[in-house]
S.K.: 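Before anything else, here's the structure in question.
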Amino acid sequence: MTLLEVYGILYVMKFDKSLIATLREDPKEAESKSHRILLRGGFIKQIAAGVHIYLPLGWRILMKISNIIREEHDRIGAQELLMPAISPKEIWEESGRWKEYGDDMFRFKDRKDRDYCLCPTHEEIITEIARKRIRSYRDLPQIWYQIQMKFRDEKRPRYGVIRSRQFIMKDSYSLDRDEQGLDKSFNLHKEAYTKIFQRCGLDFEIVDAAGGLMGTGESKEFVARGEGGEATVIACKNCNYRANLEVAEGRGRFAEFEDSQVTDVHTPDKRSVEEVSGFLNVTPQNLVKSIFFTAVEKKPILILLRGDYDINEDIIKNRFGFSYETATPDEIIKYFGAEPGFIGPVGKDDIDIYVDELLKGARGMITGANKNNYHIRGLNLERDIKVKDYLNLRKVKSGDKCIKCQGELELYNGLELGHIFKLGTRYSEILGATFLDENGVEKPIVMGSYGIGLERIMAWACEQKGDEHGAVWPISITPYDIYVIVLNPLNKEIANAADDINQALTKGGFSIIIDDRDISAGIKFNDSELLGIPIRLTIGPKGMKSNKFDISLRETKEVFEVNKNLIADKCLELKDILYRRLNE
RNA sequence: CGGGGCGUGGCGCAGUGGUUUAGCGCGCAUGGUUCGGGACCAUGAGGUCGUGGGUUCAAAUCCCACCGCCCCGACCA
């Protein structure tokens, strides 16, 4: 017996002895395509909102994904380790995130009444390792990574495994002596990520992104196109500008209106842009929206935007501080003496007014009069109000022009599969992770942080490749290579032929599911499609007569009639073809 | 956290005060006939009707509270 024969047996799964539980009907809790397929195929099972069991089929997929990730990280010189899933409060208090994370953090106490959390991410822990271990510039650079459960008590888990409260993340951290080193580590990750998602057979793009809680350094998201994703990407049709809507900038068209004196106009109960423009019979472009932001212990700010654009709150928060929130109706009445919908900038020189650049030089505009049920006409921004600064504050719209090349911008939906950040020295400074350079000067380590959501890769392969019959796994992450259907398995001849073929396939190194359940053929065919195994082999009476058996491909439905003794060879060839087709 | 929906055998659902043993389809078990696209016959097992309280002679059904799940929004590496 060869080694392959010994170990080969591990690659065989008999359907009727497996923990595979396909559902005949769509589970009612699932609406999105990927969620439906994963539940129906028995890849996952939900046990609470945003908490899932990964059943054997799903787990095999995740293991395949982990291996790809592992290989590509090892290739860039990263070292795998495993950090704890729980950690004590103190280190999070040091970084300030015990507070900052708020209710999104799962917290608990041990028997001695000490506070702990389930780690939502691991910057603090990695920095703890770094500050103990890294002494000298000679110890740098380093890239450390792990594949680990993360816990976040999301306000609203949804779409099954896509936004869940417990999920598997590959997170890596780079440690460098300076910005140049960080650039290099950042780019290594960018390349590794590109290879990983390509190998997983997904269509994706690299887009500019916002840092959020992680900081304000450069960051890129790897976004895969698809409905039901949570990211909106702005893409230039002409050049390679790609950005998450959160940070996207575009050029809008200036709108001109006739200059005039400021006059009040009665607008009873008309508050929104739509209501006012409809009532006065003008285009929304003629309106100026006033949005009032307040923050504790900070000066309130008034933002002006043209009526046909929405505000980009992420820009506001990144620029002015994360504590800024849109003011409450009470605050608005207090500062403006009018209800929301009727406020405006005129006569508010005591408040800092920031204006979207598209309004620079605008005249003849309509805005709130700071008097209930009244607006004003004839606003001339330069003449009538004191502007603190003109900034790009609006959300890009489809049809805006690219800031790089003037090409037209379009929007699409997608899912963030991975995110790479330049953290800089934010954590190393607070937590005291430093090294001595060649001059003996103590410096903070320059860090980067990089994440990939494993389940999202699994779910998005369903979303992008799956069809009305079920999953279509890319060959690289499929739980099994071949689905062997044995029709009429009680027939001795057929059963014997199936044994021969399965042995040949096992020797060939394939992982296979054997479906020799004594049930009608349709169920087996349908299950093979639902499970999305890329290659299907059918052993039945028809093949017994001609000694030729059908091999078909899940994705293209191509069918090949293959002589019994050539089956393993053909499968090898097809597997090869499937690998080559991955990124076509 | 706001809005909407749902909770009845493993799954999908019906039943919305009064046939005492709560139904139907699928699945499951046993026997038999079938066997290249979700077959058929027969027999059978399986249910705290989300939880607690209340109204009533009588509650899956009406009332109150709570819990859980899904969807939209707010929010979010």
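Chain naming here is simple, since letters A, B, ... match the order of the sequence lines and numbering starts at 1 in each.
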S.K.: My understanding is that only residues two or more places apart in sequence, or in another chain, count here; which of them pass side-chain contact (heavy atoms from CB on, under 4.5 Å) with A:Asp308?
M.R.: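 Only A:Pro284, A:Gln285, A:Arg306, A:Lys397 meet the side-chain contact (heavy atoms from CB on, under 4.5 Å) criterion with A:Asp308.
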S.K.: Take the protein atom CD1 of A:Ile162 and the nucleotide atom C1' of B:rC71, then report the distance between them rounded to whole Å.
M.R.: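 Result: 15 Å.
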S.K.: How would you label the contact of A:Gly453 with the nucleic acid (heavy atoms, under 4.0 Å): base, sugar-phosphate, or nothing?
M.R.: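 Contact class for A:Gly453: none.
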S.K.: Using heavy atoms to find the nearest nucleotide of RNA chain B for A:Met544 and A:Arg165 separately, return the residue whose nucleotide is more 5′.
M.R.: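 Whichever sits nearer the 5' end wins; that is A:Met544.
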S.K.: Any salt bridge linking A:Glu179 with A:Lys422? Criterion: basic side-chain nitrogen under 4.0 Å from a carboxylate oxygen.
M.R.: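 Result for this pair is no, no salt bridge flagged.
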S.K.: Rounded to whole angstrom units, what separation is found between the NZ atom of A:Lys557 and the C1' atom of B:rG36?
M.R.: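 A:Lys557 atom NZ is separated from B:rG36 atom C1' by 17 Å.
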S.K.: Rounded to the Å, how far apart are A:Ile485 CD1 and B:rG38 P?
M.R.: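 It works out to 12 Å between those atoms.
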S.K.: Measure the acute angle between the ring planes of A:Tyr193 and A:His73, then classify it against the limits of 30° and 60° as parallel, tilted or perpendicular.
M.R.: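 Plane angle between 30° and 60°, so tilted.
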S.K.: Starting from C1' on B:rC75, measure out to CZ on A:Arg158 and report it in whole angstrom.
M.R.: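 Distance, rounded to whole Å: 9 Å.
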S.K.: Could you pull out the protein-nucleic contacts involving nucleotides 43-49 of chain B (nitrogen or oxygen on both sides, under 3.5 Å)?
M.R.:
none

S.K.: Got a list of protein N/O to nucleotides 33-35 of chain B N/O distances below 3.5 Å?
M.R.:
none

S.K.: Can you tell me how the ring of A:His419 sits relative to the ring of A:Phe421, calling it parallel under 30°, perpendicular over 60° and tilted otherwise?
M.R.: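 A:His419 and A:Phe421: parallel rings.
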S.K.: Using the P atom as the reference point in each nucleotide, state the distance between B:rC26 and B:rU43 in Å, no decimals.
M.R.: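 Per the computed distance, 15 Å lies between those P atoms.
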S.K.: Please give me the minimum heavy-atom distance between A:Ser552 and A:Val559, naming the atom from each residue.
M.R.: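 Nearest pair, atom of A:Ser552 first, then A:Val559: CB-CG2, 4.0 Å.
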S.K.: If you measure from the P atom in B:rU55 to the same atom in B:rA59, how many Å do you get, rounded?
M.R.: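 That atom pair is separated by 12 Å.
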S.K.: Using a 3.5 Å limit on both pairing distances, list the dot-bracket string of RNA chain B from the 5' end; Watson-Crick and G-U wobble pairs count, crossing pairs take [ ], interstrand pairs take |.
M.R.: (((((((..((((....[....)))).((((((.....)))))).....(((((..]....))))))))))))....
S.K.: Inspect the contact between A:Asp153 and A:Arg107 and indicate whether a charged nitrogen and a carboxylate oxygen are less than 4.0 angstrom apart.
M.R.: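 Answer for the salt bridge query: no.
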S.K.: Expressed as a whole number of Å, how far does the P atom of B:rC11 sit from that of B:rG47?
M.R.: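 To the nearest whole Å, 14 Å.
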S.K.: Under 3.5 Å, which N/O atoms of the protein pair with N/O atoms of nucleotides 10-14 of chain B?
M.R.:
from: B:rG12; atom 1: O2'; to: A:Glu25; atom 2: OE1; distance (Å): 3.1

S.K.: Looking across every strand, which nucleic acid part, if any, lies under 4.0 Å from A:Asp550 by heavy atom: base, sugar-phosphate, or nothing?
M.R.: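 It contacts base atoms.
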S.K.: Heavy-atom count check: over 12 atoms from other residues, nucleotides or ligands less than 6.0 Å from A:Lys570 NZ?
M.R.: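 Yes, NZ of A:Lys570 has more than 12 neighbouring heavy atoms, counting only those of other groups under 6.0 Å.
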S.K.: Are OP1 or OP2 of B:rC72 and a side-chain N or O of A:Tyr159 less than 4.0 angstrom apart?
M.R.: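 For B:rC72, OP1 or OP2 has a side-chain N or O of A:Tyr159 closer than 4.0 Å.
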S.K.: Using a heavy-atom cut-off of 4.0 Å across all strands, would you classify A:Arg456 as base, sugar-phosphate, or nothing?
M.R.: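 Nothing: the residue A:Arg456, judged by heavy atoms under 4.0 Å, touches no strand.
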S.K.: Between A:Arg165 and A:Glu154, is the salt bridge (Lys or Arg N to Asp or Glu O under 4.0 Å) condition met? List the steps.
M.R.: CA-CA 6 Å; A:Arg165 298 192 296 170; A:Glu154 295 285 345; over 6 Å; no
S.K.: Rounded to the nearest angstrom, tell me the gap between atom CZ in A:Arg40 and atom C1' in B:rC26.
M.R.: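 Rounding to the nearest Å, CZ of A:Arg40 and C1' of B:rC26 are 12 Å apart.
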S.K.: Taking NZ, NE, NH1 and NH2 as the nitrogens, is one of them in A:Lys524 or A:Asp516 under 4.0 Å from a carboxylate oxygen of the other?
M.R.: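 A:Asp516 and A:Lys524: not salt-bridged.
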S.K.: Is there a donor on the side chain of A:Glu529 or the base of B:rG38 sitting less than 3.5 Å from an acceptor on the other?
M.R.: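 Result: no qualifying N/O pair found.
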S.K.: Between the base of B:rG27 and the side chain of A:Arg517, is there any donor-acceptor pair under 3.5 Å?
M.R.: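 Result: no qualifying N/O pair found.
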S.K.: With a 4.0 Å cut-off on N to O distance, would you call A:Glu31 and A:Arg36 a salt bridge?
M.R.: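 Result for this pair is no, no salt bridge flagged.
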S.K.: Is the shortest heavy-atom distance from the side chain of A:Thr294 to the side chain of A:Tyr324 under 4.5 Å?
M.R.: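 They are not in side-chain contact.
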S.K.: Does OP1 or OP2 of B:rC70 have a side-chain N or O of A:Arg156 closer than 4.0 Å?
M.R.: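 No, no such contact exists.
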S.K.: Which value, in whole Å, describes the distance between the P atoms of nucleotides B:rA39 and B:rG25?
M.R.: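 B:rA39 and B:rG25 have their P atoms separated by 16 Å.
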S.K.: Tell me what A:Glu230 touches on the nucleic acid: a base, only sugar-phosphate, or nothing, going by heavy atoms under 4.0 Å.
M.R.: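 No contact.
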S.K.: Please report the distance separating the C1' of B:rU16 from the corresponding atom of B:rC6, rounded so that it comes out in whole Å.
M.R.: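 Result for the C1' pair: 15 Å, nearest Å.
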S.K.: Round to a whole Å and report the spacing from CG of A:Asp16 to P of B:rA29.
M.R.: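 Going from A:Asp16 (CG) to B:rA29 (P), I get 11 Å.
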S.K.: Find the distance A:Met105:CE to B:rC76:P and express it as a whole number of Å.
M.R.: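 To the nearest whole Å, that distance equals 16 Å.
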S.K.: Just compare B:rC76, B:rA74, B:rG38 and give me whichever is closest to any side-chain atom of A:Glu154.
M.R.: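 Nearest listed nucleotide: B:rC76.
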S.K.: Less than 3.5 Å between a donor and an acceptor, one on the side chain of A:Arg536 and one on the base of B:rG36, is that the case here?
M.R.: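 Check fails, no donor-acceptor contact within cut-off.
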S.K.: Tell me: CD1 of A:Ile47 to P of B:rC70, nearest whole Å?
M.R.: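 Interatomic distance, CD1 of A:Ile47 to P of B:rC70: 13 Å.
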S.K.: Let me see the working for A:Glu80 and A:Arg70 under salt bridge (Lys or Arg N to Asp or Glu O under 4.0 Å), right down to the final yes or no.
M.R.: CA-CA 8 Å; A:Glu80 184 171 7; A:Arg70 197 166 273 128; 2.7 Å; yes
S.K.: Starting from the 5' end of RNA chain B, give me the residue, A:Ala48 or A:Lys542, whose nearest nucleotide shows up first.
M.R.: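 It is A:Lys542, whose closest nucleotide lies nearer the 5' terminus.
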S.K.: For the C1' atoms, the ones on B:rG17 and on B:rA22, what distance do you get once it is rounded to whole angstrom?
M.R.: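 Nearest-Å result for B:rG17 against B:rA22 at atom C1': 14 Å.
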S.K.: Considering only atom P, compute the distance from B:rC66 to B:rU48 and round it to an integer number of Å.
M.R.: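 26 Å, rounded to whole Å.
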S.K.: Which of the following nucleotides, B:rG37, B:rC76, B:rC69, is nearest to the side chain of A:Arg163?
M.R.: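 Minimum distance to the A:Arg163 side chain belongs to B:rC76.
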S.K.: Using atom P in both nucleotides, what's the gap between B:rG3 and B:rU8 to the nearest angstrom?
M.R.: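 Roughly 24 Å separates the two P atoms.
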S.K.: Before giving the answer on side-chain hydrogen bond (donor to acceptor under 3.5 Å, both in side chains), spell out for A:Glu94 and A:Tyr427 the whole-Å C-alpha distance, their side-chain angles and the decisive distance to 0.1 Å.
M.R.: CA-CA 10 Å; A:Glu94 259 189 88; A:Tyr427 292 93; over 6 Å; no
S.K.: Apply side-chain contact (heavy atoms from CB on, under 4.5 Å) to A:Ser528 and list each qualifying residue two or more places apart in sequence or on a separate chain.
M.R.: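 If we apply the side-chain contact (heavy atoms from CB on, under 4.5 Å) test to A:Ser528, skipping adjacent residues, the hits are A:Tyr483, A:Ile485, A:Arg536.
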S.K.: Identify the heavy atoms of A:Ala248 and A:Asn312 that sit nearest to each other, and give their distance.
M.R.: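 Scanning both residues completely, I find the closest heavy atoms to be O-ND2, 4.4 Å.
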S.K.: Flag the pair A:Val207 / A:Lys220 as yes when at least one side-chain heavy-atom distance between them is below 4.5 Å, and no otherwise.
M.R.: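 No, their side chains stay 4.5 Å or more apart.
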S.K.: Kindly give the heavy-atom pair with the smallest separation between A:Trp92 and A:Thr121, and that separation in Å.
M.R.: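 Shortest heavy-atom separation between A:Trp92 and A:Thr121 comes out as CH2-O, 3.4 Å.
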